[in-house]
Amino acid sequence: MPRTVRTRVVIVGAGPAGLLLSHLLADAGVESVVLDRRSRSDIESTIRAGILEQETVRVLHESGASERVLTTGNRHDGIELRFDGEGHRIDFPSLVGRSVWLYPQHEVLKDLIAARLAAGQDLRFETEVNSVGDVETEHPWVTATTADGDELRIDADFVVGADGSRSVVRPTVAGPSTGNYFREYPFAWFGILCEAPPSSEELIYSNSPDGFALISQRSATVQRMYFQCDPAANPDALSEAEIWDTLQARVPGTSLATGQIVQRDVLRFRSFVARELRHGRSVLVGDAAHTVPPTGAKGMNLAVADVVLLDCALRALLLENDARLIDTFAETALKRIWKAQHFSWWMTSMLHTAVDASPFDQRRQVGELRSVVESEAGRTFLAEAYTGWPHEG
Ligand code: PHB
């Protein structure tokens, strides 16, 4: 017989979405259990994106989930789009009165895990969920296997799938994968972490005839950079010198500060939205519900927006027996999700070079970039989306 635990909300996945949800629910007195198949150190050390929207920062800070986002994170008031040999700055505060923060996702995770453990959250690492059931009733459950091989059953009032792009909760909520919305791209990013000072004060998104490059940052001594590559590329196939030559050729006009490359990876691009986000007393949030290509850094920000909405809906349902917000959760969340899908697709297609691009396509792309940077309306559109639309809920 499995050991049975009883809680109000069982949250599968201790990523930003799952941990933030447990944190916000606890504030309203709603108890939860969070399960993750990964270890704490894996979660805290996986390198992900680094840009937080202003509203994401506000939620993390005001809820007490992260102090460090403001003390260690860096505010960025703009980005540069570079093409056709010239840089063009998009100044966020003057266009939309907002900014973004550079604060890596694994730092957000460290803060959230520390805050949840300090508050006594039931948070179980290395615990793999096997099945989800009875979500059409008021008493759904999940079963899981712990690191020691023990079987566990968690009875709850609600099940949340916050378990990333390979979600085990997703089939219960969304049905067969054939019904989902999906797009693949013919390119990927070759990403590096290197020990060097910043090469530029702000992020540079560069379209060049050889392909896209992004010069991002992590700290005064560690930088993150990416260049467009073939999705089948082997991250170990290039020498450090070849990596620097490739990056440098794609940001003409900036002399990159180089240094030892301490990590390298190839990130594949996908756009994905699950057909259904809610089924009875189960929902999907974050990457379990949707994936965006990384251009524009919407992934984690979208997860936080889902969670803010779901927190309100679960409080109303579980504390006041009011189902109105949970009944409109999917419809409301999907409006922002599809805007972010569009923005991520648009930034990706505008900035990357398609393998089969004709000279016409290349010139059309530069024309598109020029229409954006030379028009206040164009710059404002980009700045609104990049810094993040207001949250619902
Ligand atoms: C990053 O720093 O990892 C990063 C920044 C901006 C993006 C994507 C990734 O659009």
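Whatever order the structure lists them in is the order used to number ligands and atoms, beginning at 1.
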Is it true that the NZ or CZ of Arg364 lies under 6.0 Å from the centre of Phe360's six-membered ring and within 45 degrees of the ring axis?
-> no

Could you tell me whether Arg268 and Asp230 have a side-chain N and a carboxylate O separated by less than 4.0 Å?
-> no

Pairs of nitrogen or oxygen atoms, one from ligand 1 and one from the protein, closer than 3.5 Å: please tabulate them with distances.
from: ligand 1; atom 1: 2 (O); to: Ser216; atom 2: OG; distance (Å): 2.6
from: ligand 1; atom 1: 2 (O); to: Arg218; atom 2: NH1; distance (Å): 2.9
from: ligand 1; atom 1: 2 (O); to: Arg218; atom 2: NH2; distance (Å): 3.4
from: ligand 1; atom 1: 3 (O); to: Arg218; atom 2: NH2; distance (Å): 2.9
from: ligand 1; atom 1: 3 (O); to: Tyr226; atom 2: OH; distance (Å): 2.5
from: ligand 1; atom 1: 10 (O); to: Tyr205; atom 2: OH; distance (Å): 2.6
from: ligand 1; atom 1: 10 (O); to: Pro294; atom 2: O; distance (Å): 3.1
from: ligand 1; atom 1: 10 (O); to: Gly296; atom 2: N; distance (Å): 3.0
from: ligand 1; atom 1: 10 (O); to: Ala297; atom 2: N; distance (Å): 3.3

Qualifying ring-ring contact (aromatic ring centres under 6.0 Å, His included) pairs with a residue from residues 104-157, counting only residues at least two apart or across chains | none

Linking Ile, Leu, Val, Met, Phe, Trp and Tyr by side-chain heavy atoms under 4.5 Å, what else ends up with Phe272?
-> Phe182

Using the test salt bridge (charged side-chain N to carboxylate O under 4.0 Å, His left out), find all partners of Asp84 that sit at least two apart in sequence or belong to another chain.
-> Arg370

Could you state the interatomic distance from CG (Leu318) to CD (Glu320), rounded to the nearest 0.5 Å?
-> 10.5 Å

